Asker: 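This is the structure I want to talk about, given as structure tokens.
Each ligand, and each atom within it, is numbered from 1 in the order the structure gives. Excluded from the calculations below are hydrogen atoms, water molecules and symmetry mates; all remaining heavy atoms, backbone and side chain alike, are included. Note that the coordinates shown come from a computational prediction; the quantities given were computed from them, not determined experimentally.
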Amino acid sequence: MTDLPRIGLGIDMHRLHPGRPCVLGGVKFESEVGPLAHSDGDAVLHAACDAVLGAAGLDDIGTLFEDTDPTHENRDSAEFCKETMALVHERQLRVWSMDIVLETERPKLKPMRKAMRERIAELFGVDVDRVNVKGKTGEQVDAVGRGEACRATVVALLGPA
Ligand code: MG
């Protein structure tokens, strides 16, 4: 293991359905729609785990936590983060910083950005000023723009613990 920084990229998308609970970035939103998935569908935390796992040279989230496994049904994605960080710590690494883009028409993200940053910082063991969350809409283009889905893209930088 060298002391050079390691970068990882994660992308995740979930359909939005009426009546589903809406948890994004580990934060519960009041929303008419929520992500449809086997787990709680938190696209932000899924993409964040994949970015961190990728940087650490580990298997991706879909391999580690298979969506056919009944134990993951409606599972709180915070648990995926905790298991991801246990693997990262085993490799004597830690998260240095994380930059996140969340694209969705609904819910409105601005009021919850601070809460998302704080929760993500807590889950990945990084200072809150090293986690950024940017909200974007889809400008009526593609599934995001039509309000059918949300998509998260995350870049994570890791270094020695
Ligand atoms: Mg996912």
Side-chain angles (χ1 to χ4, degrees), residues 6-89 93 95 97-109 112-113 115-126 131-139 141-158:
R6 304 159 67 106
I7 197 161
L9 172 67
I11 296 175
D12 195 39
M13 189 170 194
H14 283 278
R15 275 186 285 158
L16 293 170
H17 264 236
R20 280 278 300 179
C22 187
V23 180
L24 290 166
V27 174
K28 177 99 171 68
F29 283 76
E30 290 300 324
S31 173
E32 291 161 8
V33 295
L36 187 68
H38 186 66
S39 67
D40 67 5
D42 190 331
V44 175
L45 294 188
H46 296 176
C49 285
D50 256 347
V52 168
L53 290 165
L58 293 160
D59 266 336
D60 63 277
I61 188 171
T63 306
L64 292 173
F65 314 109
E66 285 184 36
D67 67 4
T68 51
D69 184 339
T71 61
H72 300 322
E73 195 166 349
N74 293 318
R75 197 164 174 205
D76 178 355
S77 293
E79 292 177 27
F80 299 144
C81 301
K82 288 171 190 165
E83 291 185 34
T84 293
M85 287 311 296
L87 295 170
V88 165
H89 290 145
L93 293 167
V95 177
S97 70
M98 203 176 264
D99 198 14
I100 297 165
V101 177
L102 174 55
E103 296 166 89
T104 192
E105 297 297 305
R106 293 179 292 171
K108 288 291 168 217
L109 303 176
M112 303 298 268
R113 276 183 61 225
M116 283 194 285
R117 288 179 71 184
E118 288 170 354
R119 180 61 176 146
I120 294 160
E122 181 185 11
L123 287 168
F124 289 95
V126 54
V131 177
N132 208 347
V133 178
K134 294 183 280 280
K136 309 281 282 183
T137 57
E139 297 291 334
V141 178
D142 76 18
V144 171
R146 291 191 296 273
E148 297 165 4
C150 63
R151 176 170 49 227
T153 306
V154 179
V155 174
L157 192 69
L158 272 61

Asker: Thinking salt bridges, do E103 and K136 make one under a 4.0 Å N-O criterion?
Answerer: no
Asker: Apply salt bridge (Lys or Arg N to Asp or Glu O under 4.0 Å) to E32 and list each qualifying residue two or more places apart in sequence or on a separate chain.
Answerer: R106
Asker: Looking at E122 and R119, is any side-chain nitrogen of the basic one under 4.0 Å from a carboxylate oxygen of the acidic one?
Answerer: yes
Asker: Crowded around E83 CD? As in, over 12 foreign heavy atoms under 6.0 Å?
Answerer: yes
Asker: Identify which protein N/O/S atoms are less than 2.8 Å from the Mg ion (ligand 1).
Answerer: D12 OD2, H14 NE2, H46 ND1
Asker: Tell me yes or no: between the side chains of H38 and D67, is some donor less than 3.5 Å from an acceptor?
Answerer: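 The answer is no; no qualifying pair exists.
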Asker: To the nearest 0.5 Å, what is the distance between OG (S31) and CG (L24)?
Answerer: 8.0 Å
